[in-house]
Amino acid sequence: MAGLVRGRSPGAETSEALRNIRSLRVLVIHPHDEDGEELLRHLKRIGCQTQATWPPPKQLPPNVDVVFLSLRQVIEAQQSFPWKADNPPAALVVIVDYENPVMVDAVLKLTAQAVIGLPIRPFGLLTNLVSAHALFTRERKLQRRIEKLEEKVKSIKRLNQAKEILMKNHGLDEDEAYRMIRSQAMNKRMTTEAIAIAIINASEILGLKQD
Amino acid sequence: MAGLVRGRSPGAETSEALRNIRSLRVLVIHPHDEDGEELLRHLKRIGCQTQATWPPPKQLPPNVDVVFLSLRQVIEAQQSFPWKADNPPAALVVIVDYENPVMVDAVLKLTAQAVIGLPIRPFGLLTNLVSAHALFTRERKLQRRIEKLEEKVKSIKRLNQAKEILMKNHGLDEDEAYRMIRSQAMNKRMTTEAIAIAIINASEILGLKQD
Amino acid sequence: MASGRGGSSEPWRVGVLFSQSGFSAVIERTQFNGTILAIEEINAAGGIGGRPIEPVVYDPGSDFISFRRYAEHLLGEEQVNVVFGCYTSGSRKAVLPAIERKNALLFYPTLYEGFEYSPNVIYTGAAPNQNSVQLAQYMMENHGKRFFLVGSNYVYPYESNRIMSDLVTEQGGKVVAERYVRLNSEPADFDRIIAEIAETRPEVIFSTVVGQSTAQFYKAYRAAGFEPETMPIASLTTCEAEVADMGVAAARGHVTAAPYFETVDSDANRAFVARYRERFGAGEHTNMCCEAAYFQVYLFARALAATNALDAQSLREALLGIEFQAPQGPVRIDPDNHHTYLWPRIGRIDGNGAFEIVREASAWVKPDPYLVTHTLDDWSSAVGQVAI
Amino acid sequence: MASGRGGSSEPWRVGVLFSQSGFSAVIERTQFNGTILAIEEINAAGGIGGRPIEPVVYDPGSDFISFRRYAEHLLGEEQVNVVFGCYTSGSRKAVLPAIERKNALLFYPTLYEGFEYSPNVIYTGAAPNQNSVQLAQYMMENHGKRFFLVGSNYVYPYESNRIMSDLVTEQGGKVVAERYVRLNSEPADFDRIIAEIAETRPEVIFSTVVGQSTAQFYKAYRAAGFEPETMPIASLTTCEAEVADMGVAAARGHVTAAPYFETVDSDANRAFVARYRERFGAGEHTNMCCEAAYFQVYLFARALAATNALDAQSLREALLGIEFQAPQGPVRIDPDNHHTYLWPRIGRIDGNGAFEIVREASAWVKPDPYLVTHTLDDWSSAVGQVAI
C-alpha cells in the first residue's frame, strides 16, 4: 500500500482476518483471578471460541489459533512451558505486569506478537488480538516461503549432482543425463528429485566418481 | 528455545535489543495534546531519542527506528501518509482510540508491530516499544533471507543456462563450459554470475541455440 | 461520595451533558429534553427513596474538548458520579477516560457503530445489528441494490458504511460511490455529491450525514429534483428532529431505521408524546435519541431505588439485566455487554413529516456490538415475523 | 474528597499499609514506625494548617491479596486518597490498580528494581543506579570478581541479579551460579545453596534474599564456617532490621549498599535516631526503609501545607521538585520520574552489629529508574569523589 488516506476504499470488503474473528480459537493461560475473568469475559464478548487453563499446560492442546499468556506467573510457577519461539504453534499475546529488562527479555525470547499490560482493560484487546494473529500468519508465510526456496536450491543442486554422476560414469552429455533421469522417473512413477537422490545415494555406496 | 523456566539463565547477558534502547530513534506522529505529551514524556523517561511531529509528514525523515502513529487522526486528516507496509522503513506502533473493523483493517493494512490504546498509560509502553522493534528486525531478516534465496535460485538457473548455451554452440562438455565461464570471469575481474548474464544476453541478441 | 450519602432529603445529583448549540444541537436538545422530562416525572412521583434527582447541567456546544472539560468538572468539583450525555462517538470518547478514571457511570442514549465496551458505560441506543441490517434488507427488497454512500467525515459513518457495503455486496449488489463531508459542512459542500448522484443514478442513497448537515443534504437532494420513489435516502440517524429542521418538502418519502418513532402505536408512547408536548410545546417532537435519553433515566432510577447509593459499582450490578416498559416497548440492559435489547423498526416520512412505520420487529433484538460480519439472516431469525 | 474539605480542625486522614506479621514484617514494622513517628512529630508541631494528620492503619500481613483489599477499602469506605505503604514489589503492584483507578497517591518507601512510573506514585527508596552500581564497584575493588547470586524467587531479585551480572561481566568477572529460594523459606532450603558455595568458592556472594529468609541465609553461612573477610555477602536489602533479627555473630563483616544507615554522621540523623528510640524503645534501630518511610511523610506534609487540599492532582504538582533535609542528607523528588535524589553509601557490619560506612557519595544521585545498561562509570561521574 502506497499511502493511507482512509481506512477503506469505497466498497472495499472487510478483510478475511476480521471476518473470521468469531472462529478464532483462543487459549488463555492465566490464573483464575479478576484479571483472568475480565480477559475471558471480553474475549467472549468479542465472540471468540475461548477457553482458559491454569496452571500452564505441559503440552499445548491442538487447534489453538491464539494463546494469551500471563508471563510473570508462568515464570514464577517455575515450570517448563513448551513454546517453540522459532516455529510457534499459534499466535502469542503476552500479558505483563512488570516491564523490567528480565521480563522484557522473556517477551523477546518468546517472540510474542502482542503485549498487553495489566490490569486488563477491554479497550485495545480486539485490535491486539487481530493484529497478533495477522503478524503470526504473515511470519508463517515468510517462513514457509524460505523453506520452499531452500528446498528448491537443494533440489537444483541435487539434480545437477545426479546429472554429473551420470555424465562422468556413463559418458553421457548433459541432455542425455537429464533424459535418463526423467525417463527413470516416469517408469518408476517417482519425481526426478527422488531419482536424483537415489543416484547420489547409490554413487556414494558404489564409490562412483562424483565430481 | 525449548521451554521457558525463568526469564534468564544464570549469568545470561541482557539482550542487544534492550541494551540499545537509549539509542533508538523514535518519531511520534500525534497531535500536540495531553496524550501526545504523556507519550513523549514517557519515551523520554525511558531514554529514547524522541521527536514529535504533527500534521503527518509528507515524507518520513531518515534514520528513524520506530514510529508511533495516531491512527484515527491521520485518517481523518485525509492526507496521504507514506507507509510501504511490505517494505517499511521502521517499526510501527499504532495508537488507536476506536477499534471498529474500519480501524482494525487500517492497522492490518499498515502491518503495525504493536498496538496501543488511548488514553496513553505509561505501563506497557517500554515492552511494546522493544517488542515492536524486535518483530520488525526479525521480519526484515526473513525478508532479506528470502531475497537472497531468490537471488540464489535465479543465479543457479542463469549459470546452468549459460553453460548449456556454451555446450550447445561450442560443443563443450559441462566441465569445459564451466571452466570457460570461470576463466572469463577471472580475466575480466567479474563474477561468474555477470559472465553468465553476458552470455545469455549475447545469445539472445545473436540468436544462438538456448535449449 | 458525599453527594450520595448525606441527609435523607438531600437530592441525588447527576450530570447532564448535551449540546444546546453547535452542529449537533438539533438532536442533542431533544436528548436534553427527554432527560429532563424523565427526571421531572420521577421527582413529581416522590423521587427515589424520598429524595429528588437534581440535574447538574452543562452545555458543551458540540465541541469535544468542552465535553471532556465539563465531564472532568462534573466528576471533580461537582462531585457527581453519574452522567447522562453525548451524541457523537467523538464526544463519548472524549468523556470516557474521565468517566473510567473516576470509576463513574455514563448513560449514552445514542445509536453508534459498536465495538466498545466499558464497565463504566450503559449504552441505550441501537447497535448496528439493531438497525443497519434491517435497513439494508428493507431497501434491497423494495428499492434495489445499487447504493451510493454519503456520510459525515468521522468514525461512525466509516464503520456504518463498511457494514452497509458488506451487506450490499453479499446480496450481489453494488456500492457505486462512498463520499464524506466535513462535520461543519456548508450547503455548497454537497454540490459535487449531488452531481455524482445525478451521474451514477443509484437506487438507494445511504446517508450517515449527521447534525445540521442532514438538512443541507436533503434540501440539496430536493433542489436537484430527485424522486424519493425511485431513489430514496435511507438513514440510521435522520429522525423527527432533522425532519423538523429541513421541513416536510425535503423530508417526504425518505426512509430511516430506528428502534423508535414518534408514531409508535402504544399507550406508553402516546402518553410519553403527550407529556413531552405539554412540557416543551405542542410543536415539539420526540425521536429515537430523545426516547433513549428518556427511558435510560428510568433505568437509572430503578437501579438507584434498589441500591439507595450512587456508587458505580453497586449501580452497575443493579442495572445489568434490568427491564423497563419504554415508549418503544420493553427494553432490557444486556448483562454481557451493557448495551440494550431494542425493537428495530423501519419508518418512511409521510406528507405530514411523520414517520409511517412500514415494518417492525415482533420481538426485541439482543445487542451484539462486536459483530463484524452482519448477514440478512440475522434479521429474519431474530425477528420471527415482520408486520407490514 | 469529603475528608479533605470539612471544618478547619478536622484531621487529614491518610492510609498506612505496612505488615505487622508475615515474612516481611521484620522490615515493614520499622517502616510503620518511621511513618508514625513523622506523623506524631508533625502533629506535635501543630499539624498542617492547624489540622492534625490522622493515620488510618491496616495490617496486610505480608499477603498481596490483603494489600489489594485493604487499599480498596482505604480508598473506598475510608475515603482516604493518600496512602503510605508497601515493601515488596508484589505488594506495590497489588495496590497500584486501585490507586490509579481512584486517582489517589501512594508513597512507596522501599528500594526496588526500577522500570516503573505511575503518575500516582512517589518512590522514595533507591533505584538500581543508586545502590547496585555502587555495590558492584566496591565489591570488585575490594573482594574480587567471582560472584555467586542468591535471591528470593520473585521479580526484584531477578532484575537485581541481571544488573549485577551485567556489571560483573562487563569488568571481566564471572557469575558462578544464580539460585533462588521461595519467599516463605525454611532454613533447610539453604542447605543445597551452602553446599554449592562451598564447592564453587566465589569471592563475593550477592544476596537479594528478603524478609525473614535473610536471617536464615546469613545464619546458614555462619554455621558453614565461611569467612566474611574472603567471601562476604553483599546485599541491597539487608539492613539494621535484619541484623537485629539474625544477631551480630551472623551479620558481622558483611556488606550492604544503601542511601542510609543508622550510623550516618549528621545532626539531623542523630536527632532522628534519638527520637525513634525514645518513641519505640532504646533497643530499636532505624534503617534505610524506615528512614524513607519517615522523610516521605515530611515531603507529603510540605506539599499539603502548600495545597491545603488532599487531592492527588494538586499534591502531585506540589511534590515534584520538592526538597527536604532528611536524616541521610537533603533529598528531592525528581519531577521527571517521581523517584528521589538520594545519597549512595556502602556499609560494613561491625562487631556491634552497626554499619560502618566505608564509602559515601559526595553528592546526591539523580534517580534513573529506566536505565537498562549500568556501567561503573555512572558512579564515579555522578559522585565526583568518594570518601573512604
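Lettering of chains follows the sequences in order, A, B, ..., and the numbering in each one begins at 1.
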**Asked** According to the salt bridge (Lys or Arg N to Asp or Glu O under 4.0 Å) rule, which pairs have a member within residues 189-202 of chain B, sequence neighbours left out?
**Response** Arg158(B)-Glu193(B)
**Asked** Is the closest side-chain heavy-atom distance between Val155(C) and Val102(B) below 4.5 Å?
**Response** no
**Asked** Should Tyr98(B) and Glu113(C) count as side-chain neighbours, where that means a heavy-atom distance under 4.5 Å?
**Response** yes
**Inter-residue atom distance Tyr370(C).OH - Glu99(B).CD, 0.5 Å rounding** = 5.5 Å
**Prompt:** Is the number of heavy atoms from other residues, nucleotides or ligands within 6.0 Å of CD (Glu150(B)) greater than 12?
**Reply:** yes
**Request:** For atom CZ of Arg45(B), decide whether the heavy atoms of other residues, nucleotides or ligands shown that lie under 6.0 angstrom number more than 12.
**Result:** yes
**Request:** Could you tell me which portion of Pro101(B) (side chain, backbone, both or neither) has an atom closer than 4.5 angstrom to a non-hydrogen atom of chain C?
**Result:** both
**Fill in**
Between the CZ atom in Arg68(C) and the CG atom in Asp33(B), the distance rounded to the nearest 0.5 Å is 7.5 Å
**Request:** Find the one option among Val104(B), Asn100(B), Asp97(B) whose heavy-atom pairs under 4.5 Å with chain C are most numerous.
**Result:** Asn100(B)
**Item:** Spacing of CE belonging to Met103(B) relative to CZ belonging to Phe115(C), to within rounding of 0.5 Å
**Value:** 12.5 Å
**Message:** Within the supplied structure, the quantity of interest is the number of heavy atoms (other residues, nucleotides, ligands) at a distance under 6.0 Å from Lys366(C) NZ; does it exceed 12?
**Reply:** yes
